[in-house]
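Some notes on the structure that comes next.
Indexing begins at 1, ligand by ligand and atom by atom, following the structure's order. Since the model is a prediction, treat every value here as computed from it, not as a measurement.
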Amino acid sequence: MSNKNVCRMCQSPNMTKFLDLGFAPPSDNFLTKEQLNNEEAQYPLNVHICNDCGLCQLGYVVPPELMFNENYPYESSMTKTGSSHFISMAIEICKKFNLMPDSMVIDIGSNVGVLLSGFKSQGMRVLGVEPSSNVAKIAIKNGIDTISEFFSSKLALKICQQKGNASVITGTNVFAHIDDLNDFVKAADVLLTEEGIIVIEAPYLVNMLDNLEYDTIYHEHLSYLSMKPMVKFFKRFRMDVFDAEMQSIHGGSLRYFIGREGKRPISKHISEFLLLEEKKKIYSEERLKNFSEDVKNHRNELNTLLSNLKKQGKKIVGVSAPAKGNTLLNYCKIGTEILDYITERSNLKIGKYTPGMHIPVYSDDMLIKDKPDYALILAWNFAEEIMRNNEQYRSKGGKFIVPIPHPHII
Ligand code: SAH
Ligand code: ZN
C-alpha cells in the first residue's frame with residue numbers, strides 16, 4: 001500500500017526509524033511448487049517509534065488482502081499451549097465481569113474459533129469476524145458463527161442491526177494488525193453495550209525489546225503495543241484502559257481491558273505498567289538504537305553457530321514454520337544450504353515452501369525418519385511443546401537449537 005508518514009494512533013509526523021530489516025515477502029505467504037517460478041513481491045520491513053505518543057510501528061503497510069485471504073496458514077488451534085490459553089481466557093473473562101448467560105461476545109480475528117468455543121461453553125452467544133476465509137470455514141464447521149469479512153464500522157452497524165449489542169469484544173493478536181485504528185474503535189463503539197468491554201491482547205513491546213524477539217516483526221504486525229500509547233489513544237474516544245494483565249503467551253503478551261470512560265475504577269496495574277515502561281526506557285532513542293545493534297549481533301551469532309555446525313558436516317533442519325521464522329530466515333539469509341527442510345504439524349503449510357528463502361516444509365515425521373543432527377526451533381514461543389511432541393527425535397540423539405533471545409543448543 002504505502003509508506004506511513006504519520007503515527008497510526010496520534011497522527012503525529014514526528015516519528016524516528018530505529019530498525020531496518022531490509023525487504024521481505026509477507027511472512028505467512030507460503031508458496032506452492034508452481035509459485036516458486038513467479039517473482040515474489042518484497043516489501044520494506046522497518047520500524048519507527050512515534051515521539052509523541054510512543055507507539056512503535058512499521059513504516060510500510062502491505063495491503064491486508066494480500067495477507068489475510070483464503071490461503072492464510074495460521075490456525076490458533078495448532079498448539080495445546082495456545083488452545084488452553086484461549087479457553088482459560090474465556091473462562092477468566094466470564095468470571096471477572098460476571099457475564100450473564102447469553103451475553104453476546106464478538107471476537108475480531110477469530111481465526112478457527114478457539115477463544116469463542118471457550119465462551120460458548122460458558123453459555124455465551126458468540127460471533128466471530130474473520131476475513132481469512134479458509135480458517136473462517138473451519139470455525140463454522142466447528143459450530144462457531146463467523147462472518148468472513150474485515151472488521152469495520154460498516155460491518156459493525158450491520159451486525160448490530162441483526163444481532164444486537166455485544167457485552168464483550170475480544171481481539172487477540174489482531175489489533176496490532178489493523179491500520180485504521182480509528183475505524184476499529186468506531187466499530188467497537190457501535191457494537192458495545194453501555195457497560196461493555198473490549199479485551200485486547202498482543203505481544204508486549206517491553207518483552208520484545210528485553211528478549212530480542214525481533215522475529216515477531218513482520219508485515220502483519222503493524223503495531224508493537226505498549227501501555228502509554230494505548231491509554232492516550234483510547235482516551236481520545238472517551239474510553240479507559242481500566243485494567244491490564246501480563247500473559248506468558250507469545251514471548252510475553254499484555255492483555256488490556258477497555259471500557260467507556262468512568263464506568264469502572266482504574267486499576268493500579270495501569271500506572272505500574274506505565275512505570276515499568278519508564279524504567280525500561282522503551283521510548284528512548286538510545287534504548288531502541290541498542291536493540292537495533294543487538295539485532296545485528298544476533299544475526300552474526302546465529303549465522304556463526306549454524307555455519308560452524310555445517311563445517312563439522314552436521315545436518316540441520318528447522319522444526320515448525322511460523323511467520324516469525326520467516327522474518328528470522330529472511331533477515332539472516334538462512335536458506336537450503338543451511339536448513340535442508342523444515343518440519344511442521346499444520347496441513348496448511350506442509351508441502352509448501354517458505355516465503356523468501358524457499359525452504360521446503362515437510363511433516364514432523366521426517367525428523368524421526370531422517371534423523372538430522374540438529375533441529376532449529378523457529379516457533380521458540382512454543383519450544384517446550386515442540387520438544388515434547390518430538391521427544392522421539394531427541395531420545396534418538398537429535399538436538400534442538402532455540403534461536404531467541406540467544407542461539408543455544410538443548
Ligand atoms: N485471534 C487469533 C488469531 C490471530 S492471527 C489468535 O490470537 O490466535 C490474526 C487473525 O486476524 C487472522 O486470522 C487474520 O485473518 C485476522 N485479521 C487480520 N486483519 C483483520 C481485520 N481487519 N479484521 C478482522 N480480522 C482480521
Ligand atoms: Zn503517535
Is the shortest side-chain N to carboxylate O distance from Arg260 to Glu195 below 4.0 Å? no
Can you find an N or O of Asn111 that's nearer than 3.5 Å to an N or O of ligand 1? yes
How close do Ser320 and Ala379 get, heavy atom to heavy atom, and via which atoms? OG-N, 2.9 Å
May I ask you to say whether Arg255 pairs ionically with Glu92, meaning some side-chain N is under 4.0 Å from a carboxylate O? yes
Under 3.5 Å: N/O of Asp107 near N/O of ligand 1: no
Which of the atoms of ligand 1 are close to Pro131, meaning less than 4.0 Å from one of its heavy atoms? 15 (O), 17 (N), 20 (C), 24 (C), 25 (N), 26 (C)
At under 4.0 Å between heavy atoms, is it the side chain or the backbone of Phe68 that contacts ligand 1, or both, or neither? side chain
Atom 23 (N) of ligand 1 has as its nearest protein heavy atom Phe151 N, 3.1 Å
Between Cys53 atom SG and Cys7 atom SG, the angle centred on the Zn ion (ligand 2) rounds (to 10°) to 100°
Rounded to 10 degrees, what angle sits at the Zn ion (ligand 2) between Cys50 SG and Cys10 SG? 100°
Looking at Lys4, I'd like to know if its NZ atom is crowded, meaning that more than 12 non-hydrogen atoms belonging to other residues, nucleotides or ligands lie closer than 6.0 Å. yes
Heavy-atom contacts with Thr172 under 4.0 Å: which atoms of ligand 1 show up? List them by number with element. 1 (N), 2 (C), 4 (C), 6 (C), 7 (O)
What I want to know is whether Tyr74 and ligand 1 share at least one N or O pair that is separated by under 3.5 angstrom. no
N/O to N/O below 3.5 Å, does that happen between Val135 and ligand 1? no
Below 4.0 Å from any atom of ligand 1, is there a heavy atom belonging to Phe184? no
Is it true that a side-chain atom of Asp20 and a backbone atom of Asn46 form a donor plus acceptor pair closer than 3.5 Å? no
Short N or O distance, Gly109 and ligand 1, threshold 3.5 Å exclusive: yes
Please state which part of Asn173 comes within less than 4.0 Å of ligand 1, counting heavy atoms only: side chain, backbone, both or neither. both
Are there more than 12 heavy atoms of other residues, nucleotides or ligands under 6.0 Å from atom CD of Glu384? no
Residues Ser110 and Thr146: closest non-hydrogen pair is OG-CG2, 4.0 Å
More than 12 heavy atoms of other residues, nucleotides or ligands under 6.0 Å from NZ of Lys96: is that the case? yes
Is the closest N or O pair between Ser132 and ligand 1 shorter than 3.5 Å? yes
of all protein heavy atoms, closest to atom 22 (N) of ligand 1 is Phe150 CD2, 3.4 Å
Which of Leu305, Asp340, Leu306 passes side-chain contact (heavy atoms from CB on, under 4.5 Å) with Ile316? Answer is Leu306
Would you say CD of Glu286 has more than 12 non-hydrogen atoms from neighbouring residues, nucleotides or ligands within 6.0 angstrom? no
Which residue and non-hydrogen atom of the protein lie closest to atom 5 (S) of ligand 1, and at what distance in Å? Tyr72 OH, 3.5 Å
Ligand 1 to Glu130 polar contact by distance, N or O atoms, under 3.5 Å: yes
Quick check on contacts: which atoms of ligand 1 are under 4.0 angstrom from a heavy atom of Ile178? 22 (N)
Charged tip of Arg394 within 45° of Phe400 ring normal and under 6.0 Å: no
